[in-house]
Amino acid sequence: TGSSRPQRMLKAVQKNATKGDPQSVISAIDYYCRHKEWAMNVGDEKGLILDSVLTEVNPSMALELGTYCGYSSVRIARLLSPNSKLITVEFNPAFAAIARQIIAYAGLQDKVTIVEGPSADLIPKMKERFGLKSFDFVFLDHWKDRYVPDTKLLEECGLLKKGTVLLADNVICPGAPEYLKYVRNNPRYESRYYKSYLEYTKAEDGLEKSVFLG
Ligand SMILES: O=C(NC/C=C/[C@H]1OC[C@H](O)[C@@H]1O)c1cc([N+](=O)[O-])cc(O)c1O
Ligand SMILES: [Mg+2]
């Protein structure tokens, strides 16, 4: 049978990007997905907002829920300080396999740990498995109906600390209405919306940044 969209994305990276150069990997994926075949990467426009929030937070320990092909893993990991780490959770093994190769092509494999499986099962095991106390930054980009339950789980597992920043993709399109209600009417979060566009399209979408107040 034919190739998959993630496999074609990896091919585009191998063909058009420079090994060890994260920016060229990002540009190759954005070019492919804008001109050849759309894919659900956070993309270049929302990616600039992700970059600016990351630069502001400068996290030591970052978590990403929803790796897909690793585009945002590369965007995040390329901006991390030395010794800072990204843990990224992906449910779909085929996606995880492609992401591993794209992250390695960018030369960021030492900063990124991909964990395969359902976020609901993996989050409660994070402290013991990675010897970490809490996350400074969380990027939510997985199934939109998992944003609220997984945020509550992160709270319950003591994985958020005062000042932890949650950044959620797709709060408008496809939409995460329950999540917006949860973080916006919650005294434990200070939330704001960054208006942008759905990746590679003219449709509205945006990122919600929510600071956990402890
Ligand atoms: O479903 C989306 N993301 C969640 C992905 C879910 C699937 O990929 C990761 C997970 O293992 C699952 O198999 C999504 C969808 C659109 N979209 O326009 O449909 C745009 C986006 O940025 C998105 O993150
Ligand atoms: Mg998304």
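Scope of the values below: all heavy atoms of this structure, side chains included, with no hydrogens, waters or symmetry mates. Atoms within each ligand, like the ligands themselves, are counted from 1 in listed order. Since the structure is predicted, the reported quantities are computational estimates derived from the model, not experimental observations.
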Next on the checklist: Does ligand 1 come near enough to Glu90 that some N or O of the ligand is less than 3.5 Å from an N or O of the residue?
Outcome noted: yes
Item to check | Per-atom contacts, ligand 1 versus Asp169 - under 4.0 Å to a heavy atom | outcome: 22 (O)
Checklist entry - Under a 4.5 Å side-chain heavy-atom rule over Ile, Leu, Val, Met, Phe, Trp and Tyr, are Val183 and Val171 clustered together? => result yes
Checklist entry - Can you tell me which residue and heavy atom of the protein come closest to atom 3 (N) of ligand 1, and the distance to 0.1 Å? => result Lys144 NZ, 3.3 Å
Next on the checklist: Counting only nitrogen or oxygen atoms and a 3.5 angstrom limit, does Trp38 reach ligand 1?
Outcome noted: no
Checklist entry - Distance from Tyr105 atom OH to Asp21 atom CG, nearest 0.5 Å? => result 9.5 Å
Next on the checklist: One residue to check: Asn170. Relative to ligand 1, which of side chain, backbone, both or neither has a non-hydrogen atom less than 4.0 Å away?
Outcome noted: side chain
Next on the checklist: Just to confirm my output: which protein heavy-atom neighbour is closest to atom 19 (O) of ligand 1, and how far is it?
Outcome noted: Pro174 CG, 3.6 Å
Checklist entry - Using heavy atoms and a threshold below 4.0 Å, how should the contact between Val42 and ligand 1 be classified: side chain, backbone, both, or neither? => result neither
Checklist entry - Leu198 and Tyr193: same hydrophobic cluster, using ILVMFWY side-chain contacts below 4.5 Å? => result no
Checklist entry - Is Glu199 in polar range of ligand 1, meaning some N or O pair under 3.5 Å apart? => result yes
Checklist entry - Taking heavy atoms and a distance under 4.0 Å, where does Phe95 meet ligand 1: side chain, backbone, both or neither? => result side chain
Checklist entry - Do the charged groups of Arg100 and Glu90 touch, with an N to O distance under 4.0 Å? => result no
Checklist outcome for this item: Output field for angle at the Mg ion (ligand 2), Asp141.OD1 vs Asp169.OD2, rounded to 10°, should show 90°
Item to check | Pairing of Lys161 and Asp136 as salt bridge, 4.0 angstrom limit | outcome: yes
Item to check | Over all atoms of both residues, closest heavy-atom pair of Lys85 and Asp110 | outcome: NZ-O, 2.9 Å
Item to check | N-O pairing of Asp205 and Lys202 below 4.0 Å | outcome: no
Checklist outcome for this item: Asn92 heavy atoms within 4.0 Å reach ligand 1 at atoms 11 (O)
Checklist entry - Side chain, backbone, both or neither: which part of Asp205 has a heavy atom under 4.0 Å from ligand 1? => result neither
Checklist entry - Going by the angle between their ring planes, with limits at 30° and 60°, are His142 and Tyr147 parallel, tilted or perpendicular? => result parallel
Item to check | Within-shell test, Tyr200 vs ligand 1, heavy atom, strictly < 4.0 Å | outcome: no
Next on the checklist: Below 30° counts as parallel, above 60° as perpendicular, anything between as tilted: where do the rings of Phe137 and Phe139 land?
Outcome noted: parallel
Item to check | Non-hydrogen atom of Gly66 closer than 4.0 Å to ligand 1 | outcome: no
